[in-house]
Amino acid sequence: MSPDAIAVQFLNGLAGASTLFLIAVGLSLIFGVTRIVNFAHGSFYMLGIYVAYSLVARFGGTVLGFWASLLVAALAVAVIGVVVELLLLRRIYHAPELFQLLATFAVVLIVRDATLALWGPEDLLGPRAPGLKGSVEILGRQFPQYDLALIFVGPAVLGLLWLVLTRTRFGILIRAATQDREMVGALGVNQAWLFTAVFALGAFLAAFGGALQAPREPANLGLDLVAIGEAFVVVVVGGMGSIPGAFLAAFIIAEIKAMCFAIGQTTIAGVSFSFSKLTLVVEFLVMAAVLIWRPWGLLGRPAAATRNPAEIEAPISPADARTRRFGFAVLALLIVLPAFAQAFPYTLVLSIDILIAVLFAASLHFIMGPGGMHSFGHAAYFGLGAYGAGLLVKQAGWSMETALVGAPLIAAAGALVFGWFCVRLSGVYLAMLTLAFAQIVWSVAFQWDDFTGGSNGIVGVWPAPWLSEKWAYYYLTLACAVAGVLLLWRVLLAPFGYAMRAGRDSPLRADAIGIDVFRVQWKAFMLAGLVCGVAGGLFAFSKGSISPEAIGVGRSIDGLIMVLLGGVQTLAGPVVGAGLFTWLSDLIAREFAYWRAALGLTILVLVLAFPLGVAGSVKRLFAREAA
């Protein structure tokens with residue numbers, strides 16, 4: 001690769017680093033002060049591009065009009081952020097982190113459909129910036145003037161933030177709240193309005209970063225999840241709450257991606273490598289390496305392990321007689337369901353989807369609730385099971401029955417490897433490492449065309465002839481779902497389950513009484529991966545095909561929603577949540593044109609009405625009646 005090509009790609013990396021920094025620093029400020037894991041931050045970035053597109057198209061014919069349009073777009077989105085904070089987030093500041101995540105993801109769904117209604121589904125590329133439409137020659141190559149200007153935006157914003165944080169009362173309050181927000185409240189500071197101001201500032205920075213991309217990148221409805229994923233990576237790599245860390249991480253990640261793109265295809269020791277394909281996953285590789293080597297980030301500080309009192313759960317106990325009778329009644333209905341569903345074949349299809357979702361959610365709840373290990377990448381094991389089943393049938397020539405046995409073993413092997421690294425971390429760092437591993441698995445499935453089928457996936461993965469009838473496959477799925485859930489429940493009520501909860505609630509005390517917390521959590525991770533792999537294998541044969549979407553971030557988020565809707569503090573929570581979410585998703589998608597917004601509103605209503613989840617709230621109600 002020539003020096004001039006390296007120089008140009010280095011400059012491209014600097015331009016991209018400015019945008020990454022603007023998104024990430026806003027997220028870092030919000031998390032540092034409010035402790036909210038704001039999944040809607042990517043939506044503010046996406047709105048910034050769309051609003052800037054409209055304003056620039058109307059008022060951006062001059063240099064002043066263009067830059068004013070970008071600032072106004074960011075301010076407009078900041079106002080939207082204030083509305084979200086006032087109407088929603090103020091109600092849940094003292095709720096568990098995952099509850100906040102669920103609420104902000106509902107906002108993502110609402111914003112995406114609102115954007116679809118206002119701007120339509122087409123990609124929209126804004127006009128070029130007046131005065132910066134040309135290019136300059138650098139080492140014999142042309143480089144866009146606008147990209148050159150963007151290089152200076154990131155350092156300028158970093159300098160302004162430094163001035164605000166060190167020379168103003170508002171900045172001092174932000175830094176104080178980041179260190180000890182309870183003490184700030186005790187000193188008489190109005191925490192509510194401080195949180196609102198910081199949230200507005202974070203939304204402004206994300207939207208401004210998006211607005212700056214209007215002439216460079218088409219506005220589309222998928223930018224929200226892409227942006228939030230990259231922002232989380234930058235914040236975690238740099239160190240939670242560290243603004244210089246966010247700047248350094250944005251620079252490193254953007255430059256590595258630029259260099260991978262510049263290298264492209266090359267040959268090392270006779271083996272051809274496509275470095276350009278790494279651009280889809282390189283930031284997650286960097287994050288995984290940093291979290292394994294330095295869990296608190298490059299410029300972050302190690303923090304003592306803490307636990308939100310709202311997350312402390314009552315001991316899980318066996319179901320009482322009334323609950324058992326209700327469970328047997330539901331199981332009896334499921335057994336006779338095919339007899340009443342002959343006239344409605346889709347009922348069995350939906351029921352199979354619900355049962356697979358129950359296995360998926362129950363396996364996630366196993367490590368997330370009693371285990372205390374929050375996972376943003378549980379879809380990795382679902383995907384390994386699904387792809388394992390497909391590949392064993394199509395590539396290895398196995399029968400459906402043996403492939404369905406081998407698929408969960410492949411998923412368990414993945415959990416064995418990934419879990420060894422993940423269980424050494426805790427909190428948001430553990431969650432982000434699981435996300436990194438899931439994205440790595442997704443990248444392999446998406447790009448290994450010769451083996452996994454690439455973006456087209458694997459097709460022709462059908463059940464055995466004796467399961468060709470939908471009712472027969474339904475009974476197989478029901479049997480696997482019941483067996484998997486009962487296995488997880490049995491383990492949770494055994495001494496191993498108590499050891500898991502001991503390691504979750506007080507690792508030091510658990511270690512002092514002889515519990516090997518690492519080994520217990522590692523085994524739990526493998527068991528969860530095994531059961532999740534069963535769900536993935538069943539999914540592959542039920543659909544007849546498997547694609548990289550099965551490993552996408554969206555499926556991991558769906559699992560979190562299922563667990564939280566049902567309730568983390570009950571054994572029945574993931575079962576209820578999976579059934580409710582899958583049924584609602586199907587019903588709303590068929591009945592409403594803007595089904596994401598309708599689903600988001602429904603989720604908001606449910607989480608605000610049932611803060612402990614549906615099953616958890618019912619359990620508390622019965623406990624009060626018994627008392």
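Treat the numbers as computed from the prediction; the structure is a model and nothing was measured.
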Handout entry: Audit row: S556, F376, side-chain contact (heavy atoms from CB on, under 4.5 Å) steps and yes/no
Key = CA-CA 6 Å; S556 293; F376 287 178; 5.7 Å; no

Practice task
Considering only NZ, NE, NH1 and NH2 on the basic side and carboxylate oxygens on the acidic side, decide whether K523 and D516 come within less than 4.0 Å.
Solution key: no

Problem - Polar side-chain atom of R424 near backbone of G419 as donor-acceptor pair, under 3.5 Å - result: no

Problem - Side-chain donor or acceptor of T452 paired with backbone N/O of D449 under 3.5 Å - result: no

Completion exercise
Result for side chain to side chain contact (heavy atoms under 4.5 Å, CB included) between W583 and one of L350, D353, I588 points to L350

Handout entry: L527 vs L487 side-chain heavy atoms within contact, under 4.5 Å
Key = yes

Problem - Distance under 6.0 Å and angle within 45° of ring axis: R501 vs Y498 - result: yes

Problem - Minimum-distance pair of heavy atoms, taken over all atoms of W595 and A589 - result: CB-CA, 3.5 Å

Problem - Check: D113 side chain, V111 main-chain N or O, donor-acceptor pair, under 3.5 Å - result: no

Practice task
Verify the distance criterion only: is there a donor paired with an acceptor across the side chains of S585 and T582 at less than 3.5 Å?
Solution key: no

Problem - Backbone N/O of Q100 and side chain of T104: donor-acceptor pair under 3.5 Å - result: yes

Exercise for the section: Taking the side chain as every heavy atom from C-beta outward, state whether Y474 and L355 have any atom pair closer than 4.5 Å. Expected result: yes

Practice task
Please confirm whether R555 makes a cation-pi placement over F539, using NZ or CZ under 6.0 Å from the six-membered ring centre and within 45° of the ring normal.
Solution key: yes

Exercise for the section: Give a yes or no answer on whether the side chain of Y387 reaches the backbone of I551 with a donor-acceptor pair at less than 3.5 Å. Expected result: no

Exercise for the section: Using the side-chain contact (heavy atoms from CB on, under 4.5 Å) rule, take L584 and L606 through it: C-alpha gap first, then chi angles, then the decisive distance, then the call. Expected result: CA-CA 12 Å; L584 281 175; L606 288 173; 4.0 Å; yes

Handout entry: Flag for W466-E401: side-chain donor and acceptor within less than 3.5 Å
Key = yes

Problem - Heavy-atom closest contact (D224 atom, R112 atom, distance) - result: OD1-NH2, 2.7 Å

Handout entry: Nearest heavy atoms of V423 and M373, plus distance in Å
Key = CG1-SD, 3.6 Å

Handout entry: 4.5 Å side-chain heavy-atom contact, V553 and L225
Key = no

Exercise for the section: Step through it carefully: locate the ring centre of Y473, locate the ring centre of F541, and say whether they are under 6.0 Å apart. Expected result: no

Problem - S542 side chain near I356 side chain, heavy-atom distance below 4.5 Å - result: yes

Problem - Check: W398 main-chain N/O paired with T402 side-chain donor or acceptor under 3.5 Å - result: no

Exercise for the section: Taking the side chain as every heavy atom from C-beta outward, state whether F518 and W420 have any atom pair closer than 4.5 Å. Expected result: yes

Exercise for the section: Before giving the answer on side-chain contact (heavy atoms from CB on, under 4.5 Å), spell out for V485 and V575 the whole-Å C-alpha distance, their side-chain angles and the decisive distance to 0.1 Å. Expected result: CA-CA 9 Å; V485 171; V575 177; 4.3 Å; yes

Handout entry: Under 3.5 Å: donor-acceptor pair, side chain of H365, backbone of L571
Key = no

Completion exercise
Minimal heavy-atom distance between V491 and F496, with the atoms involved, is CG1-CD2, 3.5 Å

Problem - Backbone of F446 reached by a side-chain donor or acceptor of S455 within 3.5 Å - result: no

Fill in the blank from the handout: Here the pair of heavy atoms bringing Q521 nearest to G371 is NE2-O, 4.0 Å

Completion exercise
Shortest non-hydrogen pair, V282 vs C260, comes out as CG2-SG, 4.3 Å

Practice task
Would you confirm whether the ring centroid of F232 sits within less than 6.0 angstrom of the ring centroid of H41?
Solution key: no

Exercise for the section: May I ask you to test the L391-I410 pair for a side-chain heavy-atom distance under 4.5 Å? Expected result: no

Exercise for the section: Scan side-chain atoms only and decide if H378 and S363 contain a donor-acceptor pair under the 3.5 Å cut-off. Expected result: yes

Exercise for the section: Quick one: do V441 and Y381 satisfy side-chain contact (heavy atoms from CB on, under 4.5 Å)? Show the steps, please. Expected result: CA-CA 9 Å; V441 173; Y381 316 110; over 6 Å; no

Problem - Heavy-atom side-chain proximity of L538 to C480 below 4.5 angstrom - result: yes

Practice task
Count the heavy atoms of every other residue, nucleotide or ligand shown that sit under 6.0 Å from CZ of F326, and state whether that count exceeds 12.
Solution key: no

Practice task
Could you tell me whether a side-chain N or O of S468 sits under 3.5 Å from a main-chain N or O of P465, the two making a donor and an acceptor?
Solution key: yes

Handout entry: Side chain proximity check, I367 to S375, heavy atoms < 4.5 angstrom
Key = yes

Exercise for the section: Step through it carefully: locate the ring centre of F451, locate the ring centre of W448, and say whether they are under 6.0 Å apart. Expected result: yes

